[in-house]
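I have placed the structure first, in the form of structure tokens, so that the comments after it can refer back to it.
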Amino acid sequence: MRYFILNMLSLLLCYPVYSQSFDLLVNKPGVSFRGLDTHEEHTVWVSGSEGTVGRSADGGDTWTWVSPQGYEAFDFRDIEAFSAEQAVIVSAGSPAVILSTEDGGTTWVEVYRNDDSRIFLNGMDFQGTVGYILGDPIAGQFQLLKSTDEGRTWNDVSEKSRLSAKSGEVAFAASGSSLQLIGDALYIGSGGSVARLFKTELGGDAPFKSLDVPMRSGIESIGIFSIDFFNAHIGVVVGGDYKNDEDNHHNIWLTENGGLSWRQPEQPVSGYRSCVKYISDELLVATGTSGTDISADGGNTWKLISKKSFNVIATTNKGHVYLAGSQGDIVRLEMANPIPR
């Protein structure tokens, strides 16, 4: 199945016009995909509900389903791809488990388990061999796990991180992208009773700083769902209310100074968005259950290109873009260079 959406970005005469096409790669009814990652140009990994894990070595054209046996009741909300053979998956809910494979999913090793009824892990991010996993607060403190060996082992650093949560404050597991490691910093986004962005420098024992973001908050379904920084200074956060997913009020914010201050786009995204990614410094994609938007001017103006529901975005080192969602779909989003007007 292939459908085209052409010339959707002509908001202004000077605005670049792109052509886009969505290629349907996978449809697995009854499976909700929220974990999606790539390695180099052709490797794509995906994870989701019913213990589902898949791998493609040819850019998504063909897939091998490598779901770990005995974990059919688990919802694997995030996945990290280190190669075509090596990946790590993390589940949401209790018990919380982390599994690792080094043979393309033929075998999986359980490298972490937590049976606490309060545990809820939201997502993970790696930079090189170092990675973090964020969990909802327990006894007023966000849970934080750290790995220094590509996810083969994990240490609980919650106490050391001193990342205190306010009453009713949570993190979100909609796309595994509410935390990001970039450069020497770790960013974490929250929601619920309050929406905040936390930042810490990883070179020492510096505590997290709370950075004010004017994202909506106040109820459990609202807040920051996804973070993406292009570099140490330029970044974006998206979110909103997943229970009212067509409402686009104050649910995207941009920064040019590492989160010290924020501004709204001139034309925002079209609704709640659970994931946002930079393709380049000018080209961005954001998606959620009410649709997908694209920006060709650094996030300042956005245009809806599809109303189809997705949860998560992943990009390759060559700029290829993949989306996956709650209806069991995985698609490849092709974007041509700007078309002369």
Side-chain angles (χ1 to χ4, degrees), residues 32 34-36 47 75-80 89-98 112 114 116-126 131-147 154 156-182 185-200 207-213 215-229 235-243 251-253 259 272-276 288-289 311-313:
S32 175
R34 295 184 184 273
L36 186 66
S47 65
D75 187 357
F76 292 113
R77 292 288 183 97
D78 203 3
I79 189 165
E80 185 77 20
I89 51 178
V90 57
S91 71
S94 178
V97 297
I98 305 170
Y112 174 89
N114 189 327
D116 191 324
S117 61
R118 300 169 296 175
I119 193 71
F120 193 100
L121 302 180
N122 295 281
M124 65 180 158
D125 196 34
F126 273 82
Y132 287 84
I133 290 177
L134 173 67
D136 276 347
I138 295 177
Q141 185 166 271
F142 280 101
Q143 302 301 291
L144 200 62
L145 307 177
K146 180 180 180 180
S147 174
W154 292 87
D156 189 332
V157 294
S158 305
E159 291 291 337
K160 183 179 179 180
S161 72
R162 305 186 297 276
L163 188 54
S164 297
K166 296 183 179 180
S167 177
E169 187 177 14
V170 297
F172 293 107
S175 64
S177 59
S178 60
L179 74 163
Q180 184 186 16
L181 268 170
I182 180 167
L186 171 63
Y187 288 91
I188 289 173
S190 72
S193 62
V194 60
R196 294 190 286 173
L197 187 70
F198 300 95
K199 177 183 179 181
T200 187
F208 278 91
K209 296 179 181 179
S210 176
L211 306 176
D212 293 332
V213 184
M215 183 72 72
R216 286 186 299 154
S217 61
I219 59 176
E220 63 178 9
S221 59
I222 295 179
I224 298 171
F225 282 74
S226 184
I227 303 164
D228 199 28
F229 276 80
V236 58
V237 296
V238 298
D241 186 354
Y242 74 85
K243 292 185 178 180
N251 65 344
I252 178 170
W253 295 89
Y272 153 77
R273 295 295 176 257
S274 57
C275 195
V276 63
T289 53
N311 295 321
V312 62
I313 305 165

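As the structure is a prediction and not an experimental result, all values here were calculated from the model. All values below come from the heavy atoms of this structure, side chains included, with hydrogens, waters and symmetry mates left out.
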Review point. Do Q180 and D228 come within less than 4.5 Å of each other through their side chains, counting heavy atoms only?
Key: yes
Check your understanding: Quick check: does any side chain N or O of Q143 sit under 3.5 Å from a backbone N or O of Q141, one acting as donor and the other as acceptor?
Key -> yes
Review point. Side chain of R162, backbone of K160: donor and acceptor closer than 3.5 Å?
Key: yes
Exercise for review: Report yes or no: does N311 contribute a side-chain atom to a donor-acceptor pair with the main-chain N or O of S175 at less than 3.5 Å?
Suggested key: no
Review point. Are the side chain of S177 and the backbone of I227 linked by a donor-acceptor contact shorter than 3.5 Å?
Key: no
Review point. Distance from L163 atom CG to L134 atom CG, nearest 0.5 Å?
Key: 7.5 Å
Review point. Would you say the side-chain atoms of S193 pair up with the backbone N or O of S167, donor to acceptor, closer than 3.5 Å?
Key: yes
Exercise for review: Would you kindly say whether D241 and S221 are connected by a side-chain donor-acceptor distance under 3.5 Å?
Suggested key: yes
Practice item. Grab the two heavy atoms, one from L121 and one from A96, that are nearest each other, plus how far apart they are. Key: CD1-CB, 3.8 Å
**Study point:** Verdict with reasoning, I313 to L36, per side chain to side chain contact (heavy atoms under 4.5 Å, CB included)
**Key:** CA-CA 7 Å; I313 305 165; L36 186 66; 5.8 Å; no
Exercise for review: Find the distance between CZ (F208) and CD1 (I188) and round it off to the nearest 0.5 Å.
Suggested key: 4.0 Å
Check your understanding: Under a 4.0 Å N-O cut-off, is there an ion pair linking R77 with D75?
Key -> yes
Practice item. Kindly give the heavy-atom pair with the smallest separation between A171 and G189, and that separation in Å. Key: CB-O, 4.2 Å
**Study point:** CD1-CG distance between I138 and N114, expressed to the nearest 0.5 angstrom
**Key:** 6.5 Å
Exercise for review: Take I133 and W154 through the test side chain to side chain contact (heavy atoms under 4.5 Å, CB included) and record every step on the way to the result.
Suggested key: CA-CA 9 Å; I133 290 177; W154 292 87; 3.6 Å; yes
Review point. Which heavy atom in V238 sits nearest to a heavy atom in M215, and how many Å separate them?
Key: C-CE, 3.8 Å
Point to revise | From OG (S91) to OH (Y112), nearest 0.5 Å | key: 9.5 Å
Exercise for review: Could you go through the side-chain hydrogen bond (donor to acceptor under 3.5 Å, both in side chains) check for S178 and N122 one step at a time?
Suggested key: CA-CA 8 Å; S178 60; N122 295 281; 5.7 Å; no
Check your understanding: What's the shortest heavy-atom distance between L144 and S158, and which atoms?
Key -> N-OG, 2.9 Å
Check your understanding: How far does CD of E80 sit from CG of D78, to the nearest 0.5 angstrom?
Key -> 7.0 Å
Review point. So S190 and E169, side-chain hydrogen bond (donor to acceptor under 3.5 Å, both in side chains) or not? Walk me through it.
Key: CA-CA 7 Å; S190 72; E169 187 177 14; 2.6 Å; yes
Review point. Looking at I98 and L145, what are the two nearest heavy atoms and their distance?
Key: CD1-CD1, 4.0 Å
Practice item. Determine, step by step, whether Y187 and F198 satisfy the ring pair (Phe, Tyr, Trp, His ring centres under 6.0 Å) criterion, reporting the C-alpha distance in whole Å, the side-chain angles of both residues, the deciding distance to 0.1 Å, and the verdict. Key: CA-CA 6 Å; Y187 288 91; F198 300 95; over 10 Å; no
Review point. Can you tell me how far OG of S226 sits from CZ of R273, rounded to the nearest 0.5 angstrom?
Key: 12.0 Å
Review point. According to the interplanar angle, ranging from 0 to 90°, do the rings of F225 and F172 count as parallel (below 30°), tilted (30 to 60°) or perpendicular (above 60°)?
Key: parallel
Study note, to complete from the structure: Looking only at heavy atoms, the pair that brings Y132 and L179 closest together is O-CD1, 3.6 Å
Review point. Do the side chain of S94 and the main chain of D116 share a donor and acceptor less than 3.5 angstrom apart?
Key: yes
Review point. Does the pair V236 and W253 meet the rule for a side chain to side chain contact (heavy atoms under 4.5 Å, CB included), with working shown?
Key: CA-CA 6 Å; V236 58; W253 295 89; over 6 Å; no
